[in-house]
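Below is one structure; the comments refer to it alone.
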Amino acid sequence: MSLLVVGLSHRSAPVSVLERAALSADAQVKLLQDTVAAEPATEAALLATCNRIELYADVDKFHAGVAELSTLLAQHSGVGLEELTPYLYVHYEDRAVHHLFSVACGLDSMVVGEGQVLGQIKDSLAKAQELHSAGRLLNDLFQQALRVGKRAHTETGIDRAGQSLVTFGLEQLAAGTDVTAWARGRKALVIGAGSMSSLAAATLARAGVAEIVVANRTYDRAERLATILGETEGTDVPARAVPMESVPVELTRADVVVSCTGATGLVLTAEEIAAGVEGRTGQPVAFEEAGDSGRTAAPAPAARSAADAIDVRQTPLPPTSVGTDEDCPLDLGSVQGGFSVMGEAAVAGMDAATLEQHAAWAAGSAVDRREAARRSPEADAELITALAATVATVGRIPERRKPEPAVETSRPAPVLALLDLAMPRDIDAAVHRLAGVRLVDIESLAGASADAPMAADVDQVRRIVADEVAAFGAAQRAAHITPTVVALRTMAADVVASEIARLEGRLPGLDDKHRGEITQTVKRVVDKLLHAPTVRVKQLAAEPGGAGYADALRTLFDLDQETVASVSRAEDSTEKDRGPR
């Protein structure tokens, strides 16, 4: 087994890179075809989801395989290899198996424990089988990954550790309130009719939304999803389908929008969202300050006029002899008594320029008062002269204190809630700045999931993964020797047939009964002689480092290498033609 995986995910790359590297359906097919056509790879499968792109291959050379798979990913994603390389990760042999099993169990998902990835792994295997790019190794690997994932969800409480990306996204939109209570009575617009959009529509229906509208570029698929939603037991939510051209109108009616399409460009721009909200409220929608995420900065002070600036620059510093509190350079005689010059109240009422001078003096004297005591009056004069020069040059002495935190203000409840689950994104990121709109996308989900709690069952799932990786490795190593064992038994059968034919030539009068008895006896002798060695060699080959036993068996019995290879090719051909289980 020489399993290699090269990929990138939300754990290794920022969303902006994942978004650019996303592959269209046609690009995925071409990537698989080019991978198996490349020299180092004999099999290939691609796992491409909204937050990961991973290329799996059976390669005969590690370094050449890494170089080839990395280059192919860069070529088909359109992201330059030099730019893509820092975000790529590589797993080989048992580590590659461990990685896929962890992915199947939801341990590597953006939302730990989510089960949607099992369907995505199944789809990846089906595509590789359809293109005949998956052979024995990848068929076994992906089918076992599906079984491991199902086992983890059945035997542990990993489902409690996280939800589907849809549920997690809706929880973020609900901002801490119960999703069912938040969604009840709202009107929902679902853009797209794929598996993720269907799951979102079903989740919203169970939550009790007042209406679901499905829009899709292929109207028949939207209509089919709407029909399924209307016929689902346990929900009583009206659902209807609309063409994509009707989305601008539906935006004026919707409270919640979920979008997950395979489009390579934006489906909804900020201007279209703003127009939809304006059409609903009758009020123009303003863009908030860039970077605003619910926090409103304190109003900026009024700009100082040019004349004021000139006055500040020309205001002379008081002489060094003025002041009585530890050589303060300012005249504090007008300050209300009873306060320390280091306190905030002591400087109340000062003009801005004087306050800046006092702040600089106070900050400097607070750094090291003992050092200040050792300075000579000449040094103080030089310091103040330098401060005066700074004021004359820049108009102010730099503030050394930490800036005051921005004032927290409550943000009004959004008129429209948007959930973008597509990669690349369907909804313009500039929508984050629209007042009255809340957008949750893959990037914000990644940030929120980093702090999501993990259930104690995660440790149990990790143990399951470790056990399954060991078992899979043993099975693959044992399977590696199977063609050699088959070739050995084939050779033994040929020897038996040859000797029986030779015996018949010497004993032409041998009747059928005795001929049959002799033949069965010789076969039993050969089978008994081969049984213990072949069973034992399979056991030894299943252990780590047991790959050499196949070579030893071929050498000891002088087996034809081409016969062994033909058995392997026959098995691989059967695996490639096998459909999804």
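Just the heavy atoms: all of them, side chains too, but no hydrogens, waters or symmetry mates, feed the values below. Residue numbers count from 1 along this sequence. Please read these numbers as outputs of a predicted model, since none were measured by experiment.
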Distance-only, no hydrogens or angles: does the [X] side chain make a donor-acceptor pair with backbone N or O of [Y] under 3.5 Å?
{"X": "E43", "Y": "L138", "value": "yes"}
{"X": "S12", "Y": "Y87", "value": "yes"}
{"X": "E223", "Y": "A241", "value": "no"}
{"X": "N139", "Y": "A134", "value": "yes"}
{"X": "S197", "Y": "C260", "value": "yes"}

Are [X] and [Y] packed together at the side-chain level, in the sense that at least one heavy-atom pair is separated by less than 4.5 angstrom?
{"X": "M423", "Y": "V15", "result": "yes"}
{"X": "R217", "Y": "T261", "result": "no"}
{"X": "D441", "Y": "H432", "result": "yes"}
{"X": "V469", "Y": "V148", "result": "no"}

Starting at [atom1] of [X], measure out to [atom2] of [Y] and round the result to the nearest 0.5 Å.
{"X": "S109", "Y": "N51", "atom1": "OG", "atom2": "CG", "value": "7.0 Å"}
{"X": "S444", "Y": "L439", "atom1": "OG", "atom2": "CG", "value": "6.0 Å"}
{"X": "L268", "Y": "S259", "atom1": "CG", "atom2": "OG", "value": "5.5 Å"}
{"X": "L418", "Y": "D420", "atom1": "CG", "atom2": "CG", "value": "8.5 Å"}
{"X": "L229", "Y": "R206", "atom1": "CG", "atom2": "CZ", "value": "10.0 Å"}
{"X": "L141", "Y": "Y56", "atom1": "CG", "atom2": "OH", "value": "7.5 Å"}

Should we count [atom1] of [X] as having more than 12 external heavy atoms under 6.0 Å?
{"X": "E39", "atom1": "CD", "result": "no"}
{"X": "R11", "atom1": "CZ", "result": "yes"}
{"X": "R186", "atom1": "CZ", "result": "yes"}

Nearest heavy-atom pair of [X] and [Y]: which atoms, and what distance?
{"X": "A128", "Y": "A44", "answer": "CB-O, 3.7 Å"}
{"X": "S124", "Y": "L46", "answer": "OG-O, 3.0 Å"}
{"X": "A193", "Y": "N216", "answer": "N-OD1, 3.3 Å"}
{"X": "C50", "Y": "I442", "answer": "SG-CD1, 4.2 Å"}
{"X": "Y92", "Y": "L3", "answer": "CD1-O, 3.2 Å"}
{"X": "G169", "Y": "L445", "answer": "CA-CD2, 3.6 Å"}

Assess the residue pair V465 and C105 against the criterion (side-chain contact (heavy atoms from CB on, under 4.5 Å)); give the C-alpha distance rounded to whole Å, side-chain angles, the decisive distance to 0.1 Å, and a yes or no. CA-CA 8 Å; V465 168; C105 294; 3.8 Å; yes
Residue pairs passing the side chain to side chain donor-acceptor pair (under 3.5 Å) test with at least one member in residues 14-25, sequence neighbours excluded, are E19-R425, R20-E83
State whether a side-chain donor-acceptor pair under 3.5 Å links D220 with T218.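 No donor-acceptor contact under 3.5 Å links the two side chains.
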We want to know whether S102 and D108 form a side-chain donor-acceptor pair, criterion being a heavy-atom distance below 3.5 angstrom.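 No, D108 and S102 have no side-chain donor paired with an acceptor closer than 3.5 Å.
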Passes side-chain contact (heavy atoms from CB on, under 4.5 Å), S77 versus I53? Steps please. CA-CA 10 Å; S77 68; I53 303 168; 5.8 Å; no
Take L204 and L170 through the side-chain contact (heavy atoms from CB on, under 4.5 Å) test and state the conclusion after the steps. CA-CA 9 Å; L204 289 168; L170 292 176; 4.1 Å; yes
Only one of H98, Q144, R463, R147 forms a side-chain hydrogen bond (donor to acceptor under 3.5 Å, both in side chains) with E468, so which one is it?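 Only match with E468 under side-chain hydrogen bond (donor to acceptor under 3.5 Å, both in side chains): Q144.
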Apply salt bridge (charged side-chain N to carboxylate O under 4.0 Å, His left out) to D123 and list each qualifying residue two or more places apart in sequence or on a separate chain.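 Partners of D123 by the salt bridge (charged side-chain N to carboxylate O under 4.0 Å, His left out) criterion come out as none, since no residue qualifies.
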Check salt bridge (charged side-chain N to carboxylate O under 4.0 Å, His left out) between D428 and all other residues, then give those that pass, not counting sequence neighbours. none
Distance-only donor-acceptor pairs under 3.5 Å for side chains of residues 67-75, two or more places apart:
| residue | atom | partner | partner atom | Å |
| --- | --- | --- | --- | --- |
| S70 | OG | V66 | O | 2.7 |
| T71 | OG1 | A67 | O | 2.7 |

May I have the step-by-step check of side-chain contact (heavy atoms from CB on, under 4.5 Å) for R52 and V103, ending in yes or no? CA-CA 10 Å; R52 76 178 63 249; V103 170; 3.7 Å; yes
For K30, which residues count as a side chain to side chain contact (heavy atoms under 4.5 Å, CB included) partner, sequence neighbours excluded? Q33, D34, H76
Can you sort out the partners of Y219 under ring-ring contact (aromatic ring centres under 6.0 Å, His included), two or more places apart, ordered by chain and number? none
